[in-house]
Amino acid sequence: MLPFTVKVLEIIKEIPSGSVMTYGQIAAIAGSKRGARQVARILHSMSEKYSLPWHRVVNAQGKIVLHNQELANRQKELLENEGVFIQEDQRIDLNHYKYTGEMAFKKEKEDFPWE
DNA sequence: AGGGTGACGGGAA
DNA sequence: CTTCCCGCCACCC
C-alpha cells in the first residue's frame, strides 16, 4: 500500500465526531496538494474494510458529493446524528465544523443554528 | 497501450 | 451568485 494511502487513512481516522474535513485538505496534509481525487477514490474503495469515519469527509464547498444517492443519505444521517447541522441548501458551514487538526473549536463566538 | 472517468479544486468570466 | 474550464492522477476497462 502506498505511503500516501496510509497517511490518508490515518488522517481520516483522527477526525473527531462532530467535525468534517475536505478531500483537498486531507490530500494536502498527506503530502499531495492536488490529490483530492485520490482521496475520494481511496474512500470509495476502502471505507468499509478499514472501518473509517468516511462520512466526515465532504468537498471544499461543504457539500456531500456522493453519486450514490443511498450512500449520500446515509452520510447525511450520520453527520446529523453527530450534531453537524446541514443547511437547507445541503451545505455544511466549514467555519464551524472543519477540523484543522489543532484549533478545532477556534470559532465559538458565533451561535450554533439549532440552539 | 491508451483513452475515459471520477465521493475534487480553484480560477476565470 | 452561476457556469465554464482545465489541471490532476490512479483505476478500470
Side-chain angles (χ1 to χ4, degrees):
Chain A
M1 186 179 285
L2 294 170
F4 176 74
T5 302
V6 175
K7 280 190 184 176
V8 167
L9 296 178
E10 288 179 350
I11 292 166
I12 293 173
K13 270 194 261 183
E14 291 179 12
I15 308 175
S17 174
S19 313
V20 298
M21 290 184 85
T22 71
Y23 299 95
Q25 180 192 5
I26 292 167
I29 295 173
S32 177
K33 289 166 192 156
R34 295 158 199 73
R37 303 196 90 132
Q38 283 69 273
V39 173
R41 181 179 41 74
I42 290 167
L43 249 50
H44 182 70
S45 59
M46 308 190 184
S47 59
E48 292 300 326
K49 64 173 70 170
Y50 287 88
S51 62
L52 296 170
W54 58 273
H55 58 284
R56 307 210 257 251
V57 184
V58 297
N59 75 5
Q61 287 74 49
K63 288 181 81 173
I64 290 172
V65 286
L66 282 82
H67 289 167
N68 183 308
Q69 196 57 46
E70 190 170 335
L71 270 181
N73 287 331
R74 186 142 65 245
Q75 178 171 13
K76 184 179 177 184
E77 281 182 24
L78 288 167
L79 286 173
E80 287 178 332
N81 286 341
E82 296 181 351
V84 176
F85 178 71
I86 298 178
Q87 305 167 11
E88 193 62 32
D89 62 3
Q90 302 301 304
R91 275 175 38 258
I92 293 165
D93 187 343
L94 294 179
N95 288 319
H96 287 314
Y97 300 106
K98 186 160 117 180
Y99 181 60
T100 62
E102 345 191 343
M103 304 273 293
F105 305 110
K106 56 182 176 183
K107 292 189 178 180
E108 56 184 54
K109 52 185 175 185
E110 301 177 53
D111 295 325
F112 291 98
W114 62 81
E115 288 176 342

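Note on naming: letters A, B, ... go to the chains in the order of the sequence lines (proteins, then strands), and numbering restarts at 1 for each one. Side chains included, hydrogens not; waters and symmetry mates left out as well; all remaining heavy atoms used.
The distance from atom CD1 of Ile26(A) to atom P of dC9(C) is 18 Å, rounded to the nearest whole Å. In this entry the distance linking OH of Tyr23(A) with C1' of dG10(B) reads 17 Å, nearest Å. Atoms CZ (Phe4(A)) and C1' (dC8(B)) sit 12 Å apart, rounded to a whole Å.
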Which pairs, protein N/O on one side and nucleotides 1-6 of chain C N/O on the other, fall under 3.5 Å?
none

Close N/O contacts between protein and nucleotides 11-13 of chain B (under 3.5 Å):
none

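Under the 4.5 Å side-chain contact rule for hydrophobic residues, Phe4(A) and Met1(A) share a cluster.
Considering Val65(A), Ile15(A), Val20(A) as possible partners of Val57(A), the one that fulfils the side chain to side chain contact (heavy atoms under 4.5 Å, CB included) test is Ile15(A).
Less than 4.0 Å separates DNA chain C from at least one heavy atom of each of the following residues of residues 35-45 of chain A: Arg37(A), Gln38(A), Arg41(A). Of the residues in residues 69-80 of chain A, not one places a heavy atom less than 4.0 Å from an atom of DNA chain B. Taking every heavy atom of residues 57-66 of chain A and every atom of DNA chain B, pairs under 4.0 Å involve Asn59(A), Ala60(A), Val65(A), Leu66(A), by number.
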For residues 24-33 of chain A, which side-chain donor-acceptor pairs fall under 3.5 Å, sequence neighbours excluded?
unit_1   : atom_1 : unit_2   : atom_2 : d
Gln25(A) : OE1    : Thr22(A) : N      : 3.1
Gln25(A) : NE2    : Tyr99(A) : O      : 2.7
Ser32(A) : OG     : Gly35(A) : N      : 3.4

Report task. Kindly determine whether His55(A) and Glu77(A) satisfy side-chain hydrogen bond (donor to acceptor under 3.5 Å, both in side chains), including the steps that lead there. Result -> CA-CA 9 Å; His55(A) 58 284; Glu77(A) 281 182 24; over 6 Å; no
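Two residues are said to be in side-chain contact when any heavy atoms from C-beta on lie closer than 4.5 Å; Ile92(A) and Lys63(A) fail this criterion. Proximity of Leu43(A) to Tyr23(A): side-chain heavy atoms (C-beta onward) are separated by under 4.5 Å at one or more points. Looking at Val58(A) and Arg91(A), their side chains never come closer than 4.5 Å, going by heavy atoms from C-beta outward. For the pair Glu82(A)/Leu78(A), no side-chain contact is recorded, criterion being any heavy-atom separation below 4.5 Å from C-beta on. Two residues are said to be in side-chain contact when any heavy atoms from C-beta on lie closer than 4.5 Å; Gln90(A) and Ile64(A) fail this criterion. In this structure, the side chains of Trp54(A) and Leu66(A) come closer than 4.5 Å at one or more pairs of heavy atoms.
One distance of note links CZ of Arg41(A) with CD of Gln38(A); it measures 5.5 Å at 0.5 Å rounding.
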